[in-house]
S.K.: 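The structure follows.
What you see below is based on every heavy atom in this structure, not just the backbone, and it leaves out hydrogens, waters and symmetry mates. Everything quoted here is computed from the prediction, not taken from an experiment. For ligands, and for the atoms within them, numbers begin at 1 and follow the listed sequence. The residues of the chain are indexed from 1 along the displayed sequence.
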Amino acid sequence: MKGNYKKFYDDIKSTIETSRLYTDQIRNLAYGTDAGFYRLIPQIIVRAMNEEEVQKALLLANKYELPVTFRAAGTSLAGQAITDSILIVAGKNWEGFDVLKKGEEISMQPGIVGARVNQILAPYGRKLGPDPASINSAMIGGIVMNNASGMNCGTHENSYKTILSARLIFADGTVLDTGSDESKKIFLKSHASFIQKIEHMRDRVRANQTLADRIGYKYSIKNTTGLSINPFIDYFDPFQIIVNLLVGSEGTLAFMSELTMKTVVNPKFKASAMIYFHDIVSACESVVSMKPGPVHGAEMLDRIALRSVENADGIPPFIKDFPEGVTAILVETLANSKQELDDNINEIKSLLKDYKTVRPIEFTDKAEEYSKYWDIRKGVFPAVGGLREKGTTCIIEDVAFHLEDLPQATADLQELIAKYGYKDGVIYGHALEGNFHFIFNQNFDKPEELEQYKNFMAEVDSLVVDKYDGSLKAEHGTGRNMAPFVKHEWGEEAYQLMKEIKHLFDPKNLLNPGVIINDDPECYTKGFKTLAPVHEIVDTCIECGFCEVNCLTAGFSLSARQRTVVQREIRRLEMTEEDNERLKELRKGFDYLGEQTCAGDGLCATSCPVGIDTGKYIKYLRSLNMASARPQKQSQWVADNFQKLGPVIRGSLKFVNGVHTVLGSSLLDVVAGGFRTLSGNTIPLWTSSMPKGANAPKLKPAREGNPLKVVYFPSCIAQTMGPAKGDPYKQPLHIVTLNLLEKAGYEVIFPEKMSSLCCGTPWESKGFIKHADQKSSELEAALDKASEGGRYPILCDTSPCLYRMRRVMDEKLKLYEPVEFIHEFLMSKLTFTKLDEVVAIHANCTTTKMGLTPQLRTVAEACAQQVVLPGEVGCCGFAGDRGFNFPEVNTYALRKLRPVLNESKVVAGYSNSRTCEIGLSNNGGVPYQSIIYLVDRVTESKCYALK
Ligand SMILES: Cc1cc2nc3c(=O)[nH]c(=O)nc-3n(C[C@H](O)[C@H](O)[C@H](O)COP(=O)(O)OP(=O)(O)OC[C@H]3O[C@@H](n4cnc5c(N)ncnc54)[C@H](O)[C@@H]3O)c2cc1C
């Protein structure tokens with residue numbers, strides 16, 4: 001860090017703690033990535049927490065004349081969320097909201113994820129207007145600043161149409177809240193000439209009929225090329241003009257710290273149909289015919305797009321056999337009643353009666369069916385990107401035509417893609433709005449490949465602008481990618497107006513310079529990412545960032561996407577031997593930020609459109625680190641002598657529990673924390689939520705007449721760890737489970753030599769795959785014998801252990817997780833009496849991956865009057881035993897837990913993994929125990945009264 005950056009850093013340190021200012025190589029690289037195909041490496045990353053911090057950063061940037069870029073979720077595609085200067089990240093920690101007017105409006109901070117807003121609005125029957133396919137990951141700040149839109153919102157419900165007011169921080173640090181009269185009054189005084197200039201531009205545009213008409217025409221379809229200049233004709237009030245100028249401004253005009261939007265009705269009755277046409281032109285013509293009808297959305301998927309998703313869950317198998325050319329239109333209709341929905345479907349069918357379709361038109365109104373279609377549609381881009389050849393860059397373009405031009409323009413586009421030899425080029429998208437994306441995979445290794453790309457883009461420009469007067473960017477924003485083409489699309493006069501706006505808001509050109517307005521005609525061909533192949537598990541990653549909502553270390557150390565980014569760069573440096581020092585620093589930094597702090601829970605895969613489990617990749621890296629003789633020998637010894645560990649663990653836990661009794665909880669926490677600090681964090685953190693040792697499980701004699709049999713395998717953790725000192729239920733889990741099973745009429749069978757058995761998870765998570773498999777094979781053999789070859793069900797009381805068992809063991813073994821077993825077998829055999837208490841439940845990562853959260857809720861709701869499932873708490877990050885050594889990961893992952901528990905007055909929490917429960921109790925402030933305790937407490941046998 002040199003010159004003014006050093007001065008900036010030294011100054012900002014007094015306002016923002018250094019743990020939120022990054023300047024190291026590894027994080028600079030990791031944050032230099034958004035979902036687009038460009039990379040810039042920032043000098044300083046500022047993880048701002050509040051307005052004052054952003055204001056301070058902007059004032060200093062202004063003082064030292066340093067460019068600043070803002071970042072929400074970083075899912076932008078056109079190179080607008082990256083910088084080689086200062087990056088201000090305002091995502092996590094900016095997630096506040098306030099529902100207004102019974103859900104008709106909502107105020108939000110910029111870091112709240114779009115899908116979360118829709119969850120909040122669902123009980124009011126409303127949702128956000130803008131609906132980008134990335135809504136599960138994109139944050140409202142980014143959605144508004146890109147004027148992102150999607151499959152159904154068109155131009156009538158996008159951010160531009162639904163924004164009401166905003167709180168802004170300008171480049172000079174001034175704050176304006178256009179929703180506050182007081183703030184506007186102050187701004188009018190301090191920035192009178194600014195407002196006059198806005199009014200002047202407005203009056204000039206309105207007086208210029210040709211320009212006003214052009215603006216009207218251009219925005220009659222989706223358009224995010226250039227700055228939004230329509231506010232001058234759509235609004236009169238200068239403050240409203242300012243707010244709407246901000247929409248789609250891609251962080252080039254001001255920072256938005258809060259905004260209020262109108263919401264839209266989310267009709268209850270919905271139906272969709274995937275309609276297959278013989279060719280792309282007739283598919284587009286059908287959309288023109290449907291446009292006047294009751295159609296809410298019509299998405300096109302060309303033959304290659306269909307091929308990219310043909311193995312997705314929910315896609316009909318017959319798609320694979322379609323001939324070339326078959327094109328699908330996914331149609332949606334909405335209604336307020338069933339009758340209206342049926343009428344809509346009939347009307348759409350009648351609008352399409354003259355079209356020949358490959359299969360009869362079939363609508364479905366079943367949410368579980370149509371939502372799969374829409375998920376498949378949302379996954380096209382990443383799926384195509386995931387299929388690309390190694391080393392190529394997946395490029396997505398985003399054009400719009402006036403609807404009447406769509407059939408011919410699409411045919412032209414298809415021809416153009418073929419002319420340039422992009423064999424895997426795909427066209428798909430929002431046909432109803434004349435907005436198509438096309439994706440192609442480009443190599444940039446040789447000069448002629450770059451030339452090919454430039455020539456292709458020149459022809460795209462000419463086709464879209466000169467031939468059809470359409471939009472070069474319809475919804476993804478201009479970014480760096482389309483900046484050189486803005487003037488050609490809009491013409492000189494409109495372009496000069498955009499420059500004038502930029503100059504007014506940002507006279508020193510410090511806010512995201514080079515984005516939207518860029519004088520370099522070649523800027524779109526510079527700074528491409530390199531995607532060196534690293535391992536087959538992650539090679540298909542397109543760095544879209546969808547994993548980050550489920551990656552518990554996103555915003556703490558590195559996210560799943562960032563882990564891949566760093567590994568790719570390490571690999572590139574290894575291959576090129578370009579910069580050894582940098583390579584060393586990246587490797588060193590990755591050890592903690594990338595490897596040690598990854599929980600390996602694999603939840604990232606659940607939101608990755610191509611299912612990449614970065615946790616699995618990290619475990620693979622761990623296995624490389626553990627490949628040397630010494631750790632292998634140690635691991636082998638533990639695997640071979642596992643039964644010797646139980647008494648040792650029990651003994652130590654009992655010893656510490658004794659210390660706990662003497663010291664009390666507060667003192668134990670302080671003393672243990674002190675020891676850990678003194679050891680340089682090498683000894684695990686012992687807390688008051690740590691368990692006591694549990695006595696080894698023993699079977700009771702079977703109750704006579706119990707007709708059912710179950711094999712019960714208490715995990716090694718349940719065999720050794722009992723409840724914590726302050727837990728409400730004092731018995732070890734295996735005793736309570738035996739009690740519950742007996743109550744429900746089961747005779748329990750233990751596998752032989754149980755104390756030596758383990759599912760292998762502890763080895764797997766550390767990268768000792770061979771020993772993990774050795775342990776799971778031993779367990780499998782014992783379970784096979786105990787269950788008489790799969791005749792009896794097998795219950796394991798710990799969800800993560802069961803998850804691994806299910807992955808690696810023979811399917812003939814009927815393996816059950818506790819919630820699943822209770823739900824499927826015990827509920828009908830027990831009488832439940834609900835507790836008059838508020839209880840929390842935690843679906844750990846494996847419960848989530850096995851899709852058992854609904855069952856967990858059902859079981860808990862049978863037990864307690866009120867059940868809280870904290871909405872924004874995902875994997876706890878304890879990760880088996882990792883939470884003992886890296887408790888900071890656990891604390892970060894559960895940072896939102898305690899406020900929800902306090903607010904809901906929760907008295908106890910329930911889950912189904914003992915180590916997760918330690919972390920949950922520590923960070924939630926209420927004891928967490930297995931759901932089995934709760935069920936046992938509130939149930940009685942239907943078969944007999946227990947004595
Ligand atoms: C697979 C995939 C599918 C996509 N599908 C769609 C789609 O259907 N429709 C669509 O429109 N887009 C789509 N996108 C693009 C992208 O997801 C959207 O544009 C999204 O709205 C960006 O939101 P974000 O939170 O990631 O913002 P970011 O990428 O972080 O930022 C977006 C822009 O806003 C600026 N910014 C962020 N926060 C602020 C703030 N507080 N104040 C001022 N400026 C700020 C940034 O500087 C940047 O220029 C898709 C992307 C991917 C990867």
S.K.: For the residue pair D398 / N435, report whether a side-chain donor-acceptor contact shorter than 3.5 Å exists.
M.R.: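 Yes.
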S.K.: Less than 4.5 Å apart, side chain to side chain, heavy atoms only: is that true for M261 and L128?
M.R.: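 Yes, side chains in contact.
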S.K.: For atom 19 (O) of ligand 1, which of N146, I542, I88 has the closest heavy atom?
M.R.: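 Heavy atom nearest to atom 19 (O) of ligand 1 belongs to N146.
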S.K.: Any idea which part of S249 is under 4.0 Å from ligand 1, heavy-atom wise: side chain, backbone, both or neither?
M.R.: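 Neither part.
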S.K.: Going by the closest heavy atom to atom 27 (O) of ligand 1, which one wins out of G251, G142, S159?
M.R.: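 Looking at heavy atoms only, G142 sits closest to atom 27 (O) of ligand 1.
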S.K.: With side-chain hydrogen bond (donor to acceptor under 3.5 Å, both in side chains) as the test, would you mind laying out the steps for Y160 and T155 before giving the verdict?
M.R.: CA-CA 8 Å; Y160 180 83; T155 49; over 6 Å; no
S.K.: Could you walk me through whether E51 and Q109 pass side-chain contact (heavy atoms from CB on, under 4.5 Å), step by step?
M.R.: CA-CA 10 Å; E51 246 180 27; Q109 287 189 306; over 6 Å; no
S.K.: Of all the heavy-atom pairs spanning L301 and R377, show the shortest one and how long it is.
M.R.: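 The answer is CD1-CD, 4.4 Å.
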S.K.: R480 vs D520, test: salt bridge (charged side-chain N to carboxylate O under 4.0 Å, His left out). Steps then yes/no.
M.R.: CA-CA 10 Å; R480 292 180 155 74; D520 176 2; over 6 Å; no
S.K.: Considering only the protein, which heavy-atom contact is closest to atom 41 (N) of ligand 1, and what is its distance?
M.R.: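 It is M256 O, 3.0 Å.
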S.K.: Using a strict cut-off of 4.0 Å, indicate which atoms of ligand 1 neighbour a heavy atom of C544.
M.R.: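 Listed by number with element: 53 (C).
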S.K.: Select the closest option to atom 21 (O) of ligand 1 among I143, L253, V380, judged by heavy-atom distance.
M.R.: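 Comparing heavy atoms across I143, L253, V380, the nearest one to atom 21 (O) of ligand 1 lies in I143.
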S.K.: Return a yes/no value for E475: is any of its N or O atoms, backbone included, closer than 3.5 angstrom to an N or O of ligand 1?
M.R.: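 Yes.
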S.K.: Hey, do the aromatic rings of F546 and F381 have their centres closer than 6.0 Å?
M.R.: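 Between F546 and F381, the centre distance exceeds or equals 6.0 Å.
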S.K.: Does any N or O atom in R71 lie less than 3.5 angstrom from one in ligand 1, N or O only?
M.R.: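 In fact, backbone or side chain, R71 has no N or O that close.
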S.K.: Please state which protein non-hydrogen atom is closest to atom 44 (N) of ligand 1 and give its distance, to 0.1 Å?
M.R.: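 Going atom by atom, the protein heavy atom closest to atom 44 (N) of ligand 1 ends up being M145 CG, 3.2 Å.
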S.K.: Are the aromatic ring centres of F528 and Y38 under 6.0 angstrom apart?
M.R.: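 Yes.
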S.K.: Tell me the closest heavy-atom pair linking P110 and F255, and the distance in Å.
M.R.: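 For P110 versus F255, the nearest heavy atoms are CG-CZ, 4.4 Å.
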S.K.: May I ask you to identify, for N512, whether its side chain, its backbone, both or neither come under 4.0 Å of ligand 1 on a heavy-atom basis?
M.R.: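 Just the side chain.
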S.K.: Check contact between D34 and ligand 1, using heavy atoms of the residue and a distance below 4.0 angstrom.
M.R.: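 No, D34 has no heavy atom closer than 4.0 Å to ligand 1.
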S.K.: Could you check whether any side-chain heavy atom of V144 comes within less than 4.5 Å of a side-chain heavy atom of L246, counting everything from C-beta outward?
M.R.: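 Sidechains of L246 and V144: no contact.
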S.K.: Looking at the rings of Y422 and F438, which for Trp means the six-membered one, are their centres under 6.0 Å apart?
M.R.: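 Y422 vs F438: aromatic centres not under 6.0 Å.
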S.K.: Will you find, in the side chains of E299 and H430, an N or O donor that is under 3.5 Å from an N or O acceptor?
M.R.: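 Looking only at side-chain atoms, H430 and E299 do form a donor-acceptor pair, the distance falling under 3.5 Å.
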S.K.: Looking at ligand 1, does any of its N/O atoms fall within less than 3.5 Å of an N/O of A72?
M.R.: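 Indeed, backbone or side chain, A72 has an N or O that close.
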S.K.: Can you tell me if E489 and N223 form a side-chain donor-acceptor pair at under 3.5 Å?
M.R.: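 N223 and E489 do have a side-chain donor-acceptor pair below 3.5 Å.
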S.K.: Check whether any N or O atom of E250, backbone or side chain, sits under 3.5 Å from an N or O atom of ligand 1, and answer yes or no.
M.R.: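 Right, the criterion is met.
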S.K.: Are N146 and Q80 close enough that some pair of their side-chain heavy atoms sits under 4.5 Å apart?
M.R.: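 Side-chain contact under 4.5 Å: yes.
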S.K.: Atom 14 (N) of ligand 1: which protein heavy atom is closest, and how many Å away?
M.R.: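 For this ligand atom, the closest protein heavy atom is S134 OG, 3.6 Å.
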S.K.: Would you say M139 and ligand 1 have an N/O pair spaced under 3.5 Å apart?
M.R.: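 Looking only at distances, the answer is yes, because the N/O contact criterion of under 3.5 Å is met.
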S.K.: Compute the shortest N/O to N/O distance between G141 and ligand 1 and return yes if it is under 3.5 Å, no if not.
M.R.: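 Such a contact does not occur with ligand 1.
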S.K.: Which of the numbered atoms in ligand 1 are under 4.0 angstrom from any heavy atom belonging to A138?
M.R.: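 Contacts of ligand 1 toward A138, numbered from 1: 20 (C), 21 (O), 23 (O), 25 (O).
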S.K.: If you take all heavy atoms of E258 and S107, which pair is closest and at what distance?
M.R.: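 In this case the closest contact between E258 and S107 is OE2-CB, 4.5 Å.
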S.K.: Please state which protein non-hydrogen atom is closest to atom 29 (O) of ligand 1 and give its distance, to 0.1 Å?
M.R.: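 It is S76 OG, 2.6 Å.
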S.K.: Pick whichever of F381, F70, W94, F546 has a heavy atom sitting closest to atom 46 (C) of ligand 1.
M.R.: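 The option holding the nearest heavy atom is F70.
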S.K.: Heavy atoms only: which of A35, A148, A133, S149 lies closest to atom 9 (N) of ligand 1?
M.R.: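 The residue whose heavy atom sits nearest atom 9 (N) of ligand 1 is S149.
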S.K.: Check ligand 1 against A73 and write out every atom of the ligand that is under 4.0 Å from a heavy-atom position of the residue.
M.R.: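 Matching atoms, with element in brackets: 24 (P), 25 (O), 26 (O), 27 (O), 30 (O).
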S.K.: Can you tell me which residue and heavy atom of the protein come closest to atom 12 (N) of ligand 1, and the distance to 0.1 Å?
M.R.: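 Looking only at protein heavy atoms, the one closest to atom 12 (N) of ligand 1 is H476 CD2, 3.4 Å.
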S.K.: Closer than 4.0 Å to some heavy atom of P110 - which atoms of ligand 1 meet that?
M.R.: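 Reading through ligand 1 atom by atom, the close ones are 41 (N).
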S.K.: Strictly by modelled atom types, are K378 and N136 linked by a side-chain donor-acceptor pair under 3.5 Å?
M.R.: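 Side chains of K378 and N136: no pair found under 3.5 Å.
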S.K.: What I want to know is whether T75 and ligand 1 share at least one N or O pair that is separated by under 3.5 angstrom.
M.R.: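 Among all N and O atoms of T75, at least one is under 3.5 Å from an N or O of ligand 1.
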S.K.: If you measure every N or O of G74 against every N or O of ligand 1, does any of those distances drop under 3.5 Å?
M.R.: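 Yes - when backbone and side-chain N and O of G74 are compared with those of ligand 1, one distance drops under 3.5 Å.
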S.K.: Of all the non-hydrogen atoms in the protein, which one sits nearest to atom 48 (C) of ligand 1, and at what distance?
M.R.: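 Protein heavy atom with the smallest distance to atom 48 (C) of ligand 1: Q80 O, 3.5 Å.
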S.K.: Closer than 4.0 Å to some heavy atom of A254 - which atoms of ligand 1 meet that?
M.R.: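 Those atoms are 43 (C).
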S.K.: Heavy-atom distances under 4.0 Å decide this one: backbone, side chain, both or neither, for S257 against ligand 1?
M.R.: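 The answer is neither.
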